[in-house]
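One-based numbering along the sequence shown.
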Amino acid sequence: MTNDIYGPFPGGAEFLRALTEGQRARYEELGANLDVVERRIADACAAAGRPRESVTLIVVTKTYPAEDTALLAGLGVTDVAENRDQDAAPKAEQCRNLPLDWHFVGQLQTNKVRSVVRYANHVHSVDRLRLVESLSAAVLKSERPELGCLVQVALDKEQGEGAHRAGVGPEDVAELTDAIADTPGLRLDGVMTVAPLAGPLAGDPARAFDRLTEIATAVRAAHPAATMVSAGMSGDLEQAIAAGATHVRVGTAVLGVRSPLR
């Protein structure tokens with residue numbers, strides 16, 4: 001395939017001329033899906049009395065090829081997310097000239113930290129002090145700008161469920177946010193959650209996201225610049241926006257349910 005779609009200025013007539021027939025079909029499919037998601041976000045913002053620009057769409061491109069990421073950039077997407085470094089690193093390298101803000105949203109092992117800090121501008125899944133230390137060391141060694149960090153909140157841990165799942169219980173958020181804020185090379189951006197699968201909030205994303213808003217408010221009281229609230233995915237973005245999410249992470253609703261790459 002041509003490299004033209006990985007150039008620094010996606011979109012416009014020149015970009016469209018570079019597309020093969022198959023790429024153009026995928027571009028149109030992604031564009032139609034984006035339109036639907038954009039309408040959902042706009043409607044949810046209107047229902048919540050919020051301006052549309054108060055919510056950032058992050059398209060989760062996991063399992064899909066770099067070609068899709070380039071096509072999304074051509075459609076005006078600026079924020080993309082990945083959850084596995086082994087997939088994200090080569091994709092980010094191929095798309096390095098595109099105007100994209102990369103978010104890492106998956107569980108992060110310390111042995112992957114050095115790779116992740118090469119391309120990610122935000123890590124949404126900080127959940128332990130050791131990871132904070134590893135991220136700081138990698139950032140300082142690389143001499144890159146500060147890395148934005150969000151604490152992943154596991155709401156089911158508040159009720160004693162999900163002991164082995166990623167994320168920290170609400171009672172441990174303050175300690176971890178303080179640690180990030182005090183650690184060189186890192187910037188505390190806010191909090192993230194996934195609607196829980198266990199405990200009293202399971203199956204009730206509206207209540208779960210309301211609880212996250214309470215936690216985010218407490219974090220901002222101590223750290224006013226930590227304004228990001230990352231919550232909501234394809235199936236529950238409306239509830240997340242109603243509760244105050246500033247960033248929604250949408251994959252399937254944009255990329256579809258076609259067979260992903262292995």
Side-chain angles (χ1 to χ4, degrees), residues 54 56 58 60-62 78-93 95-155 157 165-194 212-231 244-249:
S54 68
T56 297
I58 303 171
V60 183
T61 53
K62 64 181 184 180
T78 57
D79 291 74
V80 294
E82 291 284 330
N83 73 333
R84 300 200 319 168
D85 176 65
Q86 56 264 47
D87 299 326
K91 190 182 299 184
E93 173 61 21
C95 297
R96 66 187 180 279
N97 292 323
L98 296 175
L100 292 170
D101 195 5
W102 289 84
H103 301 250
F104 190 85
V105 299
Q107 189 169 10
L108 181 55
Q109 302 301 320
T110 54
N111 65 345
K112 297 292 187 180
V113 162
R114 250 193 329 181
S115 177
V116 168
V117 301
R118 291 192 184 106
Y119 58 84
N121 297 317
H122 314 271
V123 174
H124 291 230
S125 48
V126 179
D127 61 357
R128 58 200 186 279
L129 290 172
R130 186 183 173 201
L131 182 56
V132 172
E133 296 164 358
S134 294
L135 287 167
S136 173
V139 169
L140 295 178
K141 186 173 182 179
S142 71
E143 299 182 341
R144 56 155 286 162
E146 282 186 328
L147 176 70
C149 295
L150 289 82
V151 170
Q152 182 173 353
V153 184
L155 295 171
K157 290 185 177 179
R165 293 198 187 100
V168 297
E171 68 279 3
D172 296 320
V173 169
E175 178 186 10
L176 199 53
T177 53
D178 289 347
I180 294 169
D182 293 339
T183 299
L186 306 184
R187 182 186 66 249
L188 176 64
D189 280 349
V191 294
M192 180 272 266
T193 201
V194 177
L212 182 69
T213 297
E214 295 173 2
I215 295 166
T217 299
V219 170
R220 283 197 301 274
H223 306 283
T227 58
M228 284 180 65
V229 181
S230 173
T246 64
H247 291 68
V248 292
R249 310 179 306 273

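- Side chains of N121 and R144 form a contact here, defined as non-hydrogen atoms less than 4.5 Å apart.
- V60 places none of its side-chain heavy atoms less than 4.5 Å from the side chain of N83.
- Atom CD of Q86 has more than 12 heavy atoms from other residues, nucleotides or ligands within 6.0 Å.
- You'll find the side chain of K91 stays beyond 4.5 Å of the side chain of K62, heavy atoms only.
- Inter-residue side-chain proximity for W102 and E82 is flagged as met; some heavy-atom pair is nearer than 4.5 Å.
- Annotation for P90 and D85: closest pair CD-O, 4.1 Å, computed over non-hydrogen atoms.
- Expressed to the nearest 0.5 Å, how far CZ of R84 lies from CG of L108 amounts to 13.5 Å.
- Looking only at side-chain heavy atoms (C-beta outward), V139 and R187 stay at 4.5 Å or farther from each other.
- Take A231 and apply the side-chain contact (heavy atoms from CB on, under 4.5 Å) test, not counting sequence neighbours, and it matches T193, F209, L212, A240, A245.
- Atoms CG and OG1, from D172 and T177 in turn, are 10.5 Å apart once rounded to the nearest 0.5 Å.
- A donor-acceptor pair under 3.5 Å is absent between the side-chain atoms of T110 and the main chain of L131, judged by distance alone.
- Judged by distance alone, the side chain of T56 and the main-chain N or O of H247 form no donor-acceptor pair under 3.5 Å.
- Under a cut-off of 6.0 angstrom, the local environment of CZ in R128 is crowded, with over 12 non-hydrogen atoms contributed by other residues, nucleotides or ligands.
- One finds the SG atom of C149 at 4.5 Å from the CG atom of L186 (value rounded to the nearest 0.5 Å).
- Among all heavy-atom pairs drawn from A179 and L129, the shortest one is CB-CD2, 3.5 Å.
- Between A216 and V229, the shortest heavy-atom distance links the atoms CB-CG2, 3.7 Å.
- In plain terms, the two heavy atoms of A166 and A154 that are nearest each other are O-CB, 3.6 Å.
- Closest of all the heavy-atom pairs between I58 and A81 is CG2-CB, 3.5 Å.
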Q) Are S125 and Q152 close enough, and set up right, to give a side chain to side chain contact (heavy atoms under 4.5 Å, CB included), and what steps lead you there? A) CA-CA 5 Å; S125 48; Q152 182 173 353; 3.3 Å; yes
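- Checked by atom type, the side-chain pair S230/R249 shows a donor-acceptor distance below 3.5 Å.
- What you find for V126 and L135 is that their closest heavy atoms are CG2-CD1, 3.9 Å.
- Side chain of T246 to main chain of M228: no donor-acceptor pair is present (N/O by atom type, distance under 3.5 Å, no hydrogens or angles).
- Counted within 6.0 Å of CD on E146, heavy atoms from surrounding residues, nucleotides or ligands total more than 12; the atom is thus considered enclosed.
- H223 and D178 share a side-chain donor-acceptor pair at under 3.5 Å.
- Interatomic distance, CG of D101 versus CG of D79, reported as 4.5 Å (0.5 Å rounding).
- V117 has its side chain out of reach of F104: every pair of non-hydrogen atoms, C-beta onward, lies at least 4.5 Å apart.
- Between the side chain of S134 and the backbone N or O of R130, at least one donor-acceptor pair lies under 3.5 Å.
- Taken to the nearest 0.5 Å, the CD atom of E93 stands 10.5 Å off from the OG atom of S115.
- The side-chain heavy atoms of T78 and P99, taken from C-beta on, include no pair separated by under 4.5 Å.
- The side-chain heavy atoms of L155 and I215, taken from C-beta on, include a pair separated by under 4.5 Å.
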